[in-house]
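Beneath this line is the structure, given in structure tokens, with notes to follow.
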There are 2 protein chains.
Amino acid sequence: MAHPIPPVDDTAPALCGQGRELVRDVLERIGDKWSVVIICQLGHTTKRFNELRRLSEPITQRMLSATLQGLERDGLVTRTLRDTKPLRVDYALTPRGLSLLAVAQNLARWAVDNAAGIQDSRTAFDAR
Amino acid sequence: MAHPIPPVDDTAPALCGQGRELVRDVLERIGDKWSVVIICQLGHTTKRFNELRRLSEPITQRMLSATLQGLERDGLVTRTLRDTKPLRVDYALTPRGLSLLAVAQNLARWAVDNAAGIQDSRTAFDAR
DNA sequence: CAGAATCCGACACGATACTG
DNA sequence: CAGTATCGTGTCGGATTCTG
């Protein structure tokens, strides 16, 4: 395992009691098909709609729009309308969005570290 | 913000290039309705089917069964069949499952820390 | 350029009933 | 006790078309 992952906190009530629904809420937010992709593509630099569209291929206009609205609704991205000659809209992460990006990067590390192992387990399991 | 969250790594290619699909895979694994709940309920102690069922209410038999099979397929939990008088099956997290639990707890902390703020942003956004 | 509106198929999930 | 089988439904998301 290439990267250190914090040891499991044995007394982690956050995941079980009241926190269970909270965690579910978060997973419903970032568990959809595109939210994490958008968050990662935004990163620290503000980007425009079609710019995000190209970077996040093969996302559709509809889903990009919907995803951005959802993220804006939750205070994770800001949408600023520049009133220039051709219409122009800038999207950027809020501080809260940036903190979520950090969490997502943890997830990404785990994903990269375990992707191969999971794939092996999967094919082994399916072989029966 | 009560808990420290590691600062954003600016050079995080894992999330963008090849890693993007990997992260999507992981989110498809834990993004369903019950996987994280089960993983958290298992924690460090092995548990039986109906035990998990009660702890994870209001999960249905069908979804518990399906979720456990998915987790087993990915090498996140082990299923051991004890051949006692009334049938008995024990489930436990594998090392890989435990490492995922740690990641999930990060997520949980973020969820707890930001739940209120997100709720505020949401109602503010919906007020228009 | 940045979207909204509509249509539609796939699949996730719940409810219920049955089995070894 | 520990599941499987079947059915019905809501919703997510893709394809396509239209607007300011």
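Just so it is clear, the values below take in all heavy atoms, side chains as well, and ignore hydrogens, waters and symmetry mates.
Residue contacts for E28(B): at a heavy-atom cut-off of 4.0 Å it reaches no nucleic acid atom on any strand shown. In this structure, E51(A) reaches neither bases nor backbone, as no heavy-atom distance under 4.0 Å exists between it and the strands shown. Residue R62(B) is in base contact, counting any heavy-atom pair closer than 4.0 Å across all strands shown.
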- Message: Determine whether R96(A) and I118(B) satisfy the following criterion, side chain to side chain contact (heavy atoms under 4.5 Å, CB included), listing intermediate values before the conclusion.
- Response: CA-CA 9 Å; R96(A) 187 184 300 156; I118(B) 289 180; 3.9 Å; yes

- Determine, stepwise, if the pair L64(A) / W34(A) fulfils side chain to side chain contact (heavy atoms under 4.5 Å, CB included). CA-CA 8 Å; L64(A) 178 55; W34(A) 298 108; over 6 Å; no

- Message: Could you walk me through whether H44(A) and L98(A) satisfy the side chain to side chain contact (heavy atoms under 4.5 Å, CB included) test, starting with their C-alpha distance in whole Å, then the side-chain angles of each, then the deciding distance to 0.1 Å, before giving a yes or no?
- Response: CA-CA 8 Å; H44(A) 289 279; L98(A) 277 170; 3.6 Å; yes

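Side-chain proximity of Q61(A) to dT17(D), dG3(D), dC13(C): nearest is dT17(D). Out of dA2(C), dG14(D), dA15(C), the shortest distance to the side chain of T60(A) is found at dG14(D). Comparing atom distances between the M63(A) side chain and each of dA2(C), dC1(D), dG13(D) picks out dG13(D) as nearest. Looking at the side chain of W34(B), the nearest of the listed nucleotides dC13(C), dG13(D), dA2(C) is dC13(C).
Residues L52(B) and L87(B) share a hydrophobic cluster, clusters being chains of Ile/Leu/Val/Met/Phe/Trp/Tyr side chains in contact below 4.5 Å. L55(A) and V36(A) are members of different hydrophobic clusters when ILVMFWY side chains are connected at heavy-atom separations under 4.5 Å.
For dA4(C), the OP1/OP2 oxygens have a side-chain nitrogen or oxygen of Q69(A) closer than 4.0 Å.
The terminal axes of the helix from dC1(C)-dG20(D) to dG20(C)-dC1(D), fitted over 5 pairs per end, subtend an angle of 40° to the nearest 10°.
To the nearest 0.5 Å, the span separating CD1 on I39(A) from CZ on R29(A) amounts to 7.5 Å.
Considering every non-hydrogen atom in both I30(A) and S35(A), the closest pair reads CA-CB, 4.1 Å. In plain terms, the two heavy atoms of E51(B) and R48(B) that are nearest each other are OE1-N, 3.1 Å. The nearest pair of heavy atoms linking E72(B) to R128(A) is OE2-NH2, 4.2 Å.
The stretch residues 79-90 of chain B comes close to DNA chain D through R79(B), L87(B), R88(B), V89(B), each having a heavy atom under 4.0 Å from the strand.
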